2 protein chains.
Amino acid sequence: MRISALAELSGVPVATIKFYLREGILHSGARTSATQADYDETHVRRIALIRALIGPAGLSISAAKTLIGSLEAPPPEFHDLLGAAHSASPRVMGDVDEATEAEAIGIIERAGWTNCSGENRDALASALAGLRAADFTLKDETFDLYAAAMTTVADDEVRRIPTDSLQAAVEYVLLGTVLVEPVLLAMRRLAHERASARIFADRAAEE
Amino acid sequence: MRISALAELSGVPVATIKFYLREGILHSGARTSATQADYDETHVRRIALIRALIGPAGLSISAAKTLIGSLEAPPPEFHDLLGAAHSASPRVMGDVDEATEAEAIGIIERAGWTNCSGENRDALASALAGLRAADFTLKDETFDLYAAAMTTVADDEVRRIPTDSLQAAVEYVLLGTVLVEPVLLAMRRLAHERASARIFADRAAEE
DNA sequence: CTTGCTTGGATAGTCTCACTGTCTAATAAT
DNA sequence: ATTATTAGACAGTGAGACTATCCAAGCAAG
């Protein structure tokens, strides 16, 4: 198919497709002449993936490019796979003081998360620094509950990593890491609504 | 204190503080003369809050402004409070087709999240559309596990909302909604590391 | 009291990001 | 033969978050 058909099918303007081609985030079509190239289903799917990554998942073009690169040329070690997925969506880090750092380490130790990379520990510390900046304190029990909930989630996810094919495992890990994040956040908010509605009902019943 | 001292204390350049003042996201100091104003501890704390919101929490300046506005002039109804917190950090939405919409509704119903707002349902649908765009399918059990985990989290959070003071409740809900998100995501990644390390150990042991 | 630094306020400039528009020469469609 | 489309190059746009420059009015030190 030609670029206009690709634009039609994917719902993305031709100019934007050309931009993705220039950025190297979309593979080029098969050249049929000096002014024509042939695009196929893989291009449609790639564009859909790009839109998903830079949309709901919140990645930048360059982060999406890195991630897609890892998809196509997966790191040889499984361990590097997680790292690639995690570094694909870099969190904005704020300043972290020592007390916050210590708090993060405390949470990590209580959760039994040994052998964790500095990167994710720093991300947690930075998030805690945000809470601290707002004078927002949470009880240790709450952190432990968060840790337990995320352990449940992560255990299931890791357990479900396909073992038959490396390519399938790569896709599962890279995409699952990034694309599930908005799902979880949306669900938390839905659960908030539900929980607060129930509390309302309880309070109304008391009167 | 003068603006240069405020800059020193908060670690933010004077020019940026002036920018925050212009944007109305930082309240102005007490004027002591035509060319001088007095800033205090509230300004230091506000700047820290702003940095936390636009940093790790990923809010834009205008979203942060809205949220801070709600903090200072809380909506009268508790129900509106959650809405204010949720709309303060607007998710980027992608295109959602009917099947995805139906999938979202299915998940919501199975989780027992009735009375949910369209906004959050759309956010979930949009996140699911991202998965679908990447041909990433999750089993219903996985979604249900996510839902259960988030219900646990949200129930605890809502239960801990302070009931003694309205102001305290407002701060808890608004800030907790937004600032805890990066905490949860960082924890999920830490738990991934741990889970994958354990699987490695198991596989190594099998050999 | 003068010399120089600081401030508030206004305005304009910078940098990044993710596009979007324009142009050209070569081709494809009719 | 005429009209439409395309690849590729390059310049322009608009939003967002600052950053820099000016100016007149203080304030501070010698």
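To find a chain, count down the sequence lines: A is the first, B the second, and so on, and within it residues start at 1. These figures come from a predicted structure and were not determined experimentally.
- A donor atom on one side chain and an acceptor atom on the other are found under 3.5 Å apart for B:S117 and A:E193.
- The existence of a salt bridge linking A:E141 and A:R110 is excluded, since no basic side-chain nitrogen approaches an acidic carboxylate oxygen closer than 4.0 Å.
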Open item on the list: Would B:S126 and B:R91 count as a side-chain hydrogen bond (donor to acceptor under 3.5 Å, both in side chains) here? Give the steps.
Closed with: CA-CA 9 Å; B:S126 173; B:R91 296 264 135 206; over 6 Å; no
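- Atom CG in A:L21 sits about 8 Å away from atom P in D:dG8, given to the nearest Å.
- A nucleotide of DNA chain C counts as in contact with chain A when one of its atoms lies under 4.0 Å from a heavy atom; the first and last such, 5' to 3', are C:dA18 to C:dA28.
- Both A:R51 and B:R31 lie near DNA chain C, and the one whose nearest nucleotide falls closer to the 5' end is B:R31.
- Ranked by how close their nearest DNA chain D nucleotide is to the 5' end, B:Q36 and A:Q36 are led by A:Q36.
- Looking at B:T42 and B:H27, their side chains do bring a donor and an acceptor atom within 3.5 Å of each other.
- For B:R189 and A:E181, the salt-bridge test passes: some basic side-chain N is under 4.0 Å from an acidic carboxylate O.
- Looking at heavy-atom distances under 4.0 Å, A:S28 makes no contact with the nucleic acid at all.
- Qualifying ring-ring contact (aromatic ring centres under 6.0 Å, His included) partners for A:Y146, counting only residues two or more places apart in sequence or in other chains: none.
- B:R22 comes within 4.0 angstrom of a nucleotide base, judged by non-hydrogen atoms across all strands.
- In this structure, the CG atom of B:L26 is 16 Å from the P atom of D:dA17, given to the nearest Å.
- For A:L6 and D:dT5, the CG to P distance is 16 Å, given to the nearest whole Å.
- Take B:E101 and apply the salt bridge (Lys or Arg N to Asp or Glu O under 4.0 Å) test, not counting sequence neighbours, and it matches B:R121.
- Under 4.0 Å is where a charged nitrogen must lie from a carboxylate oxygen, and between B:R194 and A:D155 no such pair does.
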- [ ] May I have the step-by-step check of side chain to side chain contact (heavy atoms under 4.5 Å, CB included) for B:L53 and B:I68, ending in yes or no?
- [x] CA-CA 10 Å; B:L53 291 176; B:I68 287 174; 4.2 Å; yes
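- Heavy-atom distances to DNA chain C give each of A:Y20 and B:T35 a nearest nucleotide, and the one nearer the 5′ end belongs to B:T35.
- Contacts between residues 54-69 of chain A and DNA chain C, defined by a heavy-atom separation under 4.0 Å, are made by A:I54, A:S60, A:I61.
- Annotation: side chain to side chain donor-acceptor pair (under 3.5 Å) contacts involving residues 5-24 of chain B, sequence neighbours excluded, comprise B:Y20-B:R51.
- Look at A:K139 and B:E157 and you find no salt bridge, because none of the NZ, NE, NH1 or NH2 atoms lies under 4.0 Å from a carboxylate O.
- The stretch residues 8-19 of chain B comes close to DNA chain C through B:K18, each having a heavy atom under 4.0 Å from the strand.
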